[in-house]
Protein chains: 4
Amino acid sequence: MARMKDETKRLSILESSKMLFSQKGFFNTSISDIVRETGFPVGTIYTYFKSKDEIVRTIVEEGWQQWYEQVEQACASEGSPEAKIRILIDRFIPRLFDDLDFISILLTEAIDYTRIEAKVEKLTDLTFSLVKPMLARSQMLQDLSRDSMQAALIIFFLGILDAARLARSSSIGLKESHITGFMKMIIENTFGVSL
Amino acid sequence: MARMKDETKRLSILESSKMLFSQKGFFNTSISDIVRETGFPVGTIYTYFKSKDEIVRTIVEEGWQQWYEQVEQACASEGSPEAKIRILIDRFIPRLFDDLDFISILLTEAIDYTRIEAKVEKLTDLTFSLVKPMLARSQMLQDLSRDSMQAALIIFFLGILDAARLARSSSIGLKESHITGFMKMIIENTFGVSL
Amino acid sequence: MARMKDETKRLSILESSKMLFSQKGFFNTSISDIVRETGFPVGTIYTYFKSKDEIVRTIVEEGWQQWYEQVEQACASEGSPEAKIRILIDRFIPRLFDDLDFISILLTEAIDYTRIEAKVEKLTDLTFSLVKPMLARSQMLQDLSRDSMQAALIIFFLGILDAARLARSSSIGLKESHITGFMKMIIENTFGVSL
Amino acid sequence: MARMKDETKRLSILESSKMLFSQKGFFNTSISDIVRETGFPVGTIYTYFKSKDEIVRTIVEEGWQQWYEQVEQACASEGSPEAKIRILIDRFIPRLFDDLDFISILLTEAIDYTRIEAKVEKLTDLTFSLVKPMLARSQMLQDLSRDSMQAALIIFFLGILDAARLARSSSIGLKESHITGFMKMIIENTFGVSL
DNA sequence: AATGAATGAGTCTTCATTCAT
DNA sequence: TATGAATGAAGACTCATTCAT
C-alpha cells in the first residue's frame, strides 16, 4: 500500500487557510500564502483540495455543520422553549464568537461560495418551531407569520455575526456580553418571558 | 463648462463601478471591466481616480455621507422622539433598499476600505441622543448604557443591511415590509410607544 | 494619443513563434520561449494575441491565405489548363518548401486549430475546375468524380506537404526536385499531356 | 500465469493510451487520464513503462512492426509483381484504415518519437525491389531512380495516411474506396498494367 | 489633457515521476 | 510487487498602473 491521505494535513490546510482568509480576505490570500503558512509544498495543497474555491467552501460548510448540528441537538432535547432559547443565547451565540474567522469568511468575500440562503432557511424553520409555542402567550405576536419571523431571524442572526466581526476587528468597545445581554432583553421584553 | 463635463465623467465612473463591484464583487471586477462599462479609456479612469481602491472608497464615503446627512437633518428637526424614530424607520431604512449596490459593497469585499467603525460610532451617538429621552419612561431600560445601545444598534443596523442584501439576491421570500414591520414592532414593544 | 499597436511587433511575435512551434512543436514551446526569442515582455505578447492558441491559428490562417490567394490568381489568369498546372507545380509547390515552418505547424500538433478540411475543400474546388477541361481528352478519366478527384488531391497535397517536411528534417536524401519531377510525371502520364 | 496477467495489463495500457493519444493528442493526454481509462493505479503504469514517452514509442513501434512484417511476408511470397501490388493495395492499405489511432499518433504529435525516416527507408527498399521488374516494361520509367521512387512512395504513403486520418475526423465525404481506387488507377496508368 | 500600449510581478493550477509504505 | 500521496518546477495568463505620444 502507498501512503494514505492524512487527515491531519487536510485539517492543517483548512486551519491555516481559515486564518489567512479571515485576516487578509479570500482574494488577498494567495495559494502561496497558504503554502508558506502550512509549510506544505503546493502540490500537497492540491492533493487535498481541487481548488482555492474548494478550500473556502469546505471551511464554510464544515464550520456551519458543526455549529448547526449542535444547535439542532440542543433544541431536540427536553425542556421548555424558554430553556432552549436560553441555551441558544448562552451557549451557541458565544460559540460563534469562538470562530470569528469562520464568520468573517461566511459574511464577506466568500459569500458567493456560501449558499447562505439555504442555511438561513434551515435556521428559520428550526427557530420558528421553537418560538411557536411561545407565541400563543403573547397577544401581540399571536399571528406572527413565518415570513416576519424570518425577517426577524435574519436581522438578528446576521446582525449578531456582523457585530461579532466588528467587535473583534475594531476599536469599538463592543463586548460579547453586550450582545448576549441585548438579545436576552429583547426576547424577554417581546415574549414576556424571563430567561 | 469643462467642469460640468468632468463631474459627469467622474459620476459615470462611480456609477458603473458601483454596479460592477456590487454584482461581481470588488476583486472580480477589473479596471478593464470599468473601461468597458463606461466606454472611457483606461487613462481617463486614472485621471479621475488614483487607484481602484480609491474608487471603492469614494463610492462608500459619498454613499454614506448622502444617507447620513439626511438622517441627521431629520433628527435635528422639530418633533417628538417617537416622530423622529418613525421617520427613521419609514423613510431612511427604505432608502437603504434603494441603494443595495452601495450596501453590498459596504458589507463585503470592500470592508477593508470602509472604515465602518467610524460610521457606526457616529450613528450610535446620533441614535443614543434620540433614544435617551425615551429611556426615562421605560423602567426596564432606564440604565441602558451607551455600550448596550451600541450593541443593539449594530445588530439592528448591520442586520438590516444584510437582510436587505439577502432579500435582493436570493430566492428567500423576504420583503422590505417584513423588515420595517419587524423593526417597528420591536421598538414599540421595547419602549412601550406606538409608532 | 497614446502609442498605436505596432504591426512590426505583431509580425515579430508571429515569426518567432512560427520558428519555435515548427522546431520544438506547439506544446513544447512555452510562452516564455516566445518571450525569450522575441525579447518582448510577456504582457506584450498578450496585447497582440489573446492566447497561445490564437498565435498558432493566426500563423496557419495568414500563411494559408497568402499561399492560396496567389494560387487563385494564377489560376484565374489567361492560359491553357496545362500552363496553369505547370505554374502550380513549378511555382507554388516550391513555394510551400520555402515555408516549411508553416507546413509543420499545419500538419502536426496544431491540427486542431487548423480547420484543414475547409482548406482542402476549397482547394478541391479550385483544382477540379482546373482539371475538368483536361478530363474530356482522357478516355479513362472521363467520368472522374469530384470525390475521386478529392481523394487524389488530398493524397497528393498532404503527401507533398509531409514529404517536404520529411525532406527537411531528416537524413533522407529527398530533394525538392524529386518531388516536383514526380508530380509532373504522374500528371503527364495520367492526362496524356506534356508539361 | 503471472506472466500472462502481466502481458494483459501491458496491452491494456497500450490500448487505452493509443485511444487517448489519438483522440485528445499526446500532449493533451495526461498519465492520470490513462490511469482513469485503464483503471490501474499510477504506480502500475510505471512498472510497465519507464515514461510517457516510452508508451508512445511502444505504440508506434509495435503498430508499425505488425503491419510491416505482414507486408514483407506478402511480398516475399510467390507471384508476379502485379499480384503483389494488388495485394498491397487491396489488403494492406485498408488495414491501415483499421488502425487510424495508430496513424494519427504516427503522423502528428508523437512525430518526434517516431523515427519515421527509418520506416520510410525500409519501405522504399521493399517497394523498389518490387517495382523494379515492372520498370523494364515502361519506356518512360526505365531510369526511375531510387530517389524518385522514394519521393513517389513518401508522397503516396504519407498522403494516404493523412487522407485516411482526414476521412475519419472530418465531414469531408472521403471514402476508403476512393483512396484505393485512385491508387489503383495511378499505378495502372503509370505502369501500363492491369490490376 | 487624453489616450491606450507597455509592463512584469504575481496568479492559480497541472503533471510526470518518485518513493515510502 | 503494488500502490497512490508527495513533489515543485513550470505552465498559461491577468491586471493595476505608468508614461510616451
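Letters A, B, ... are given to chains in the order of the sequence lines, protein chains preceding strands, and every chain is numbered from 1.
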Checking all strands, does A:Tyr48 fall into the base, sugar-phosphate, or nothing category for heavy-atom contacts under 4.0 angstrom? sugar-phosphate
Assess the residue pair B:Phe21 and B:Asn28 against the criterion (side-chain contact (heavy atoms from CB on, under 4.5 Å)); give the C-alpha distance rounded to whole Å, side-chain angles, the decisive distance to 0.1 Å, and a yes or no. CA-CA 8 Å; B:Phe21 289 160; B:Asn28 286 321; over 6 Å; no
Using the six-membered ring of A:Phe26, assess whether NZ or CZ of A:Lys52 lies under 6.0 Å from its centre and within 45 degrees of the ring axis. yes
Would you say the side chains of A:Thr8 and A:Asp6 form a donor-acceptor pair under 3.5 Å? yes
By salt bridge (Lys or Arg N to Asp or Glu O under 4.0 Å), which residues pair with A:Glu7, not counting sequence neighbours? A:Arg10
Can you tell me how far [atom2] of [N] sits from [atom1] of [X], to the nearest Å?
| X | N | atom1 | atom2 | answer |
| --- | --- | --- | --- | --- |
| D:Arg36 | E:dC15 | CZ | P | 10 Å |
| C:Glu54 | F:dC13 | CD | P | 10 Å |
| C:Arg3 | F:dA20 | CZ | C1' | 5 Å |
| C:Lys5 | E:dT3 | NZ | C1' | 14 Å |
| C:Ile45 | E:dA5 | CD1 | P | 16 Å |
| C:Met4 | E:dA5 | CE | P | 6 Å |
| B:Ile55 | F:dT17 | CD1 | C1' | 12 Å |

Can you give the dot-bracket line for DNA chain F, where a pair is Watson-Crick or G-U wobble with both atom distances under 3.5 Å, crossing pairs use [ ], and | marks a partner on another strand? .||||||||||||||||||||
Of all heavy-atom pairs linking B:Phe40 and B:Val35, the shortest is O-CG1, 3.2 Å
Which is it for B:Arg165 and B:Leu161 under the side-chain contact (heavy atoms from CB on, under 4.5 Å) test, yes or no, and what are the steps along the way? CA-CA 6 Å; B:Arg165 180 155 58 110; B:Leu161 294 186; over 6 Å; no
Would you please name every residue forming a side-chain contact (heavy atoms from CB on, under 4.5 Å) with A:Asp101, sequence neighbours left out? A:Lys18, A:Met19, A:Ser22, A:Asp99, A:Arg168
Run the ring-ring contact (aromatic ring centres under 6.0 Å, His included) test against B:Tyr46 and tell me which residues pass, sequence neighbours left out. none
Protein-to-nucleotide contact annotation, 5' to 3' order, nucleotides 7-14 of chain E [B base; S sugar-phosphate only; - none; under 4.0 Å, heavy atom]: BBB-SSBB
Inter- and intrachain pairs under salt bridge (charged side-chain N to carboxylate O under 4.0 Å, His left out), touching residues 27-36 of chain A, at least two apart: A:Lys24-A:Asp33, A:Asp33-A:Arg36
